[in-house]
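Just so you know, these numbers come straight off a predicted model, no measurement behind them.
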Amino acid sequence: MTTPGTDRALVDVQGLTKSFGGQPVLRGVDFRTAAGTATVILGPSGSGKTTVLRSLNALELPDAGRVRIGEASVDFGALPSGRADQRRVLRTLRARSGMVFQSHHLFPHRTVLGNIIEGPVQVQGRPLEEAVTDARALLAQVGLAGREDAYPAELSGGQQQRVGIARALALRPDVLLLDEPTSALDPELVGEVLGVIRDLAEQGWTLVIVTHEVRFARDVADQVLFLDGGVVAERGGAEVLTDPQVERTQQFLRRVLEAR
Ligand SMILES: Nc1ncnc2c1ncn2[C@@H]1O[C@H](COP(=O)(O)OP(=O)(O)OP(=O)(O)O)[C@@H](O)[C@H]1O
Ligand SMILES: [Mg+2]
């Protein structure tokens, strides 16, 4: 809940740093995201995009920096020393966001419905009936009404990815984090998944999306962050994608657009 009359961002990321084996990967990443907006992160391979998303979801532990989502705030440089306390703090942050990965990670032996209700029922302890009702509504939202009894192997890659989105939304997160949600798909399936994400943006979901789909990004992005070498090298609105000011961004966009 935001306090009326303040413009407190829903997501506030400050000074994230992270090294892997002595190699700095994040070197002070800062950004804020307002509720109901879409933030697009792009940048070269290895620039730290996935590490940023995983840090927001506390799947990765930065060496320092803060992440606040809504009322849940974690200072990664000052985590509680006890394991149980640390887990509790990280859990409160993790509960605020839902993650959609490049490939969907659905449970192959569970139906579509089983996949979607697993988190709400097993992790959040919500009543089965409520979780099922919610899941049906979410399936309709991602264009898969009536497919609740299918198994993942019976669905196309695009349909599986849409189930992955429904599964993340079923946890009722404040913000949905999407890491290259279409890059593992055959080209003809990309559009249907981008269409679903576009609908979510229009419905006012708060989204943080790593994508190289520049045309899609231009349509949905309220904020664009160009990550390079573990820092935000350029930021702004969608104009960053049409009229980048920083040379590295210009080069990168040229390369991405030429590759299409
Ligand atoms: N668990 C890990 N252990 C060691 N190194 C890692 C780990 N995770 C990421 N890295 C390294 O950190 C750097 C940034 O990785 P990250 O996955 O965040 O990049 P990215 O921008 O998402 O790249 P891509 O576009 O290829 O997905 C890379 O050099 C990567 O090899
Ligand atoms: Mg990545």
Q: Evaluate the side-chain contact (heavy atoms from CB on, under 4.5 Å) criterion for residues Val175 and Leu207: first the C-alpha distance (whole Å), next the side-chain angles of each, then the deciding distance (0.1 Å), finally the verdict.
A: CA-CA 6 Å; Val175 50; Leu207 307 174; over 6 Å; no
Q: Any chance you could measure Trp205, atom CH2, to Asp174, atom CG, to the nearest 0.5 Å?
A: 9.0 Å
Q: After noting the C-alpha distance and the side-chain angles of Phe76 and Arg66, does the key distance pass the side-chain contact (heavy atoms from CB on, under 4.5 Å) rule?
A: CA-CA 6 Å; Phe76 287 100; Arg66 277 171 188 279; over 6 Å; no
Q: Which atom names give the shortest non-hydrogen contact between Pro44 and Ser47, and what distance separates them?
A: O-OG, 2.7 Å
Q: Does one hydrophobic cluster hold both Tyr151 and Leu144, with members joined at side-chain heavy-atom distances below 4.5 Å?
A: no
Q: When you compare the side chains of Thr51 and Glu60, does any donor N or O come within less than 3.5 Å of an acceptor on the partner?
A: no
Q: Looking only at side-chain N and O atoms, does Arg248 offer a donor or acceptor that is under 3.5 Å from a partner on Gln251?
A: yes
Q: Do the charged groups of Glu71 and Arg8 touch, with an N to O distance under 4.0 Å?
A: yes
Q: Any carboxylate oxygen within less than 4.0 angstrom of a Lys/Arg side-chain nitrogen, looking at Asp179 and Arg54?
A: no
Q: Would Arg147 and Leu139 count as a side-chain contact (heavy atoms from CB on, under 4.5 Å) here? Give the steps.
A: CA-CA 8 Å; Arg147 300 305 305 272; Leu139 276 175; 5.7 Å; no
Q: Is the shortest heavy-atom distance from the side chain of Glu239 to the side chain of Thr242 under 4.5 Å?
A: yes
Q: Where is the tightest heavy-atom contact between Ser183 and Gln102, given as atom of each residue plus distance?
A: OG-NE2, 2.6 Å
Q: Search all heavy atoms of Asp228 against all heavy atoms of Ala233 and return the closest pair with its distance.
A: CB-CB, 3.9 Å
Q: Is the number of heavy atoms from other residues, nucleotides or ligands under 6.0 Å of Gln23 CD greater than 12?
A: no
Q: Once rounded to the nearest 0.5 Å, what's the spacing between atom CD1 of Ile116 and atom CG of Leu106?
A: 8.5 Å
Q: Measure the acute angle between the ring planes of His212 and Phe252, then classify it against the limits of 30° and 60° as parallel, tilted or perpendicular.
A: perpendicular
Q: Just jot down the salt bridge (charged side-chain N to carboxylate O under 4.0 Å, His left out) partners of Asp219, sequence neighbours excluded, or say none.
A: Arg198
Q: Among Val100, Ile197, Thr39, Leu42, which residue satisfies the side chain to side chain contact (heavy atoms under 4.5 Å, CB included) criterion with Ile209?
A: Ile197
Q: Indicate whether any N or O donor in one side chain lies under 3.5 Å from an N or O acceptor in the other, for Gln141 and Gln203.
A: yes
Q: State whether the side chain of Asp12 and the backbone N or O of Arg32 hold a donor-acceptor pair below 3.5 Å, judged by distance alone.
A: no
Q: Answer yes if the side chains of Asp63 and Thr17 hold a donor-acceptor pair under 3.5 Å, and no otherwise.
A: no
Q: Roughly how far, to the nearest 0.5 Å, is the CG atom of Leu61 from the CG atom of Leu90?
A: 5.5 Å
Q: Between atom CG of Leu138 and atom CZ of Arg172, what is the distance when rounded to the nearest 0.5 Å?
A: 9.0 Å
Q: How far apart are the closest heavy atoms of Ser55 and Val67, and which atoms are they?
A: O-CG2, 4.4 Å
Q: Which value, rounded to the nearest 0.5 Å, describes the distance between Gln161 atom CD and Ser103 atom OG?
A: 7.5 Å
Q: Assess the residue pair Leu200 and Val142 against the criterion (side-chain contact (heavy atoms from CB on, under 4.5 Å)); give the C-alpha distance rounded to whole Å, side-chain angles, the decisive distance to 0.1 Å, and a yes or no.
A: CA-CA 9 Å; Leu200 296 177; Val142 300; 5.8 Å; no
Q: Are Val163 and Val121 connected in a single hydrophobic cluster, I mean Ile/Leu/Val/Met/Phe/Trp/Tyr linked by side-chain heavy atoms less than 4.5 Å apart?
A: no
Q: Calculate, to the nearest 0.5 Å, the distance between atoms CG and OG1 belonging to Asp222 and Thr206 respectively.
A: 9.5 Å
